[in-house]
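Atoms within a ligand are numbered from 1 in the order they appear, just like the ligands themselves. Residues: numbered from 1 along the sequence shown. Note that this is a predicted model, so its numbers are computed, not measured.
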Amino acid sequence: MAPSVLLIGASGALGRPLVEEFQKQRARFNRVAILADPARAHKFSEVQKNGIEVISGSFLDFKVYQGFDTVLSLVGNALMRLQPAIIEAAVAGGVRHFYPSEFGTDIALDGVWQFRYFRDKVVTRDHLVATAKRVPDFRYTLMLTGAFSDWAVGEFSGIDVEKHTVKVYGYPEAEVSVTALKECHRAVHRRVLLPFPAGQASREIRIRGDHLTWAQLVALLEEIQGVKYQVTYIDPKEAAKKQEEARLRGDEEGEILWAGKTLGPSGKVAVPLPLDNDKFQFKAETLKETLLQVLKGN
Ligand SMILES: NC(=O)c1ccc[n+]([C@@H]2O[C@H](COP(=O)([O-])OP(=O)(O)OC[C@H]3O[C@@H](n4cnc5c(N)ncnc54)[C@H](OP(=O)(O)O)[C@@H]3O)[C@@H](O)[C@H]2O)c1
């Protein structure tokens, strides 16, 4: 039987294009639905016209998960810490395959899993391991990607492509993995449709394009735009101080924001080999190809 998939966090930056892909591939699934908080469900009236159901209810109510075998969590930082409770409710409702909101660096790497920015993702992984031990037919998939190339240059990264400046908390030699957004989306759809290998409770899917240093990333921008960038590397300890100040004043959003500023430029975004690109029959788009589309419309 084709999978019945429930999406959570569907209107986010990652969720919107993924929902569009589900609309295109709708016939290949038994059911595709978006779970929405009742106060936010109005945002999804358009997608309902294309065969996507909208279920309005609490993410923590087991009843909303009934009738679905697969949950794809696309929640952002604001809801990340709810994922263990979401997993509990989903399992109680009968869900047996969970995709947590990963879609980024391999958080199991040393020096990464201890980092504040990933705290709730790490707790979620621990909860998935425990759930798989307790519920015999429960499975989960971790989607690992680099920084999305389409968004690799922008305010969050400290790169201003209009003013041609880079101001980052990190180092020129820091390495970063990148993944084109559409390749992540394609891999998600194909993965959801493929049966889970027998006898396995978990699997990782590693989708990556280029792996390069910040100095190479800046050189690429200069080459594409034909201008010299003004580049400032700031010691990541300065961002860590601001992160701690935010924590002390109880400003969680600020704490995560400052932790996030050092991610790429201090070498915390990596998808190590081996990759799974070949399982999806595509040659990964290079960062240059993606940036040419983003910056020049090519
Ligand atoms: N690799 C990369 O470069 C990269 C870049 C960005 C994100 N990511 C990852 O992708 C995943 C999704 O991130 P995102 O940026 O797409 O997330 P997002 O846009 O911040 O939020 C995703 C969803 O979370 C819900 N949400 C957010 N704030 C909320 C609030 N205050 N109250 C209630 N619900 C709220 C919304 O759900 P509704 O749609 O139901 O309203 C929203 O659509 C995360 O795991 C993130 O780490 C990776």
Side-chain angles (χ1 to χ4, degrees), residues 6-22 33-48 52-60 64 71-83 85-86 98-107 112 115-125 128 140-159 176-185 187-188 205-211 217 252-253 256-257 259-265 268-271 287 290-291 294:
L6 186 63
L7 308 170
I8 303 179
S11 76
L14 181 68
R16 282 190 305 275
L18 197 60
V19 169
E20 278 170 27
E21 194 60 35
F22 268 105
I34 289 169
L35 176 58
D37 185 282
R40 301 163 74 94
H42 62 276
K43 288 186 291 188
F44 300 108
S45 51
E46 273 305 304
V47 294
Q48 269 181 301
I52 309 274
E53 298 169 55
V54 176
I55 296 182
S56 174
S58 162
F59 298 169
L60 306 184
V64 298
V71 164
L72 205 54
S73 171
L74 309 163
V75 297
N77 288 332
L79 298 188
M80 206 62 85
R81 80 162 82 73
L82 281 188
Q83 285 197 112
I86 289 173
F98 197 90
Y99 286 73
S101 190
E102 287 259 340
F103 308 102
T105 188
D106 183 0
I107 58 169
V112 175
F115 195 50
R116 168 64 182 93
Y117 194 82
F118 299 117
R119 184 191 69 192
D120 298 326
K121 288 190 177 184
V122 170
V123 172
T124 299
R125 276 201 191 189
L128 288 165
Y140 62 92
T141 301
L142 307 174
M143 295 293 306
L144 307 188
T145 70
F148 291 130
S149 335
D150 316 62
W151 305 333
V153 295
E155 199 189 333
F156 186 77
S157 311
I159 298 175
V176 60
S177 296
V178 293
T179 302
L181 201 48
K182 59 173 171 285
E183 285 163 3
C184 168
H185 289 151
V188 169
I205 312 296
R206 298 164 179 241
I207 301 295
R208 192 187 94 182
D210 288 341
H211 184 82
L217 191 155
E252 190 187 20
E253 208 179 315
I256 294 175
L257 179 92
K261 279 189 187 288
T262 67
L263 284 180
K268 289 187 172 64
V269 178
V271 182
L287 181 58
T290 311
L291 290 182
V294 173

Is it possible for you to check whether K268 lies under 6.0 Å from the centre of the six-membered ring of F115, through NZ or CZ, and within 45° of that ring's axis?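 Yes.
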With a cut-off of 3.5 Å and sequence neighbours excluded, list every side-chain donor-acceptor pair involving residues 146-155.
| from | atom 1 | to | atom 2 | distance (Å) |
| --- | --- | --- | --- | --- |
| S149 | OG | T179 | O | 3.1 |
| S149 | OG | A180 | N | 3.3 |
| D150 | OD1 | L181 | N | 2.8 |

How would you list, by chain and number, every residue that makes a side-chain hydrogen bond (donor to acceptor under 3.5 Å, both in side chains) with E183, sequence neighbours excluded?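 For E183, no residue satisfies side-chain hydrogen bond (donor to acceptor under 3.5 Å, both in side chains) once neighbours in sequence are set aside.
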side-chain hydrogen bond (donor to acceptor under 3.5 Å, both in side chains) filter on H211, not counting sequence neighbours, yields E175, S177
Near ligand 1, which residues have a heavy atom under 4.0 Å away from one of its atoms?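 Ligand 1 is contacted, at a heavy-atom distance under 4.0 Å, by G9, A10, S11, G12, A13, L14, R40, K43, F44, L74, V75, G76, A78, L79, M80, S101, E102, F103, G104, K121, T145, G146, A147, F148, W151.
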Sidechain-backbone polar pair: Q83 side chain, D120 backbone, donor-acceptor under 3.5 Å: no
Is there side-chain contact between R125 and P100, with heavy atoms separated by less than 4.5 Å? no
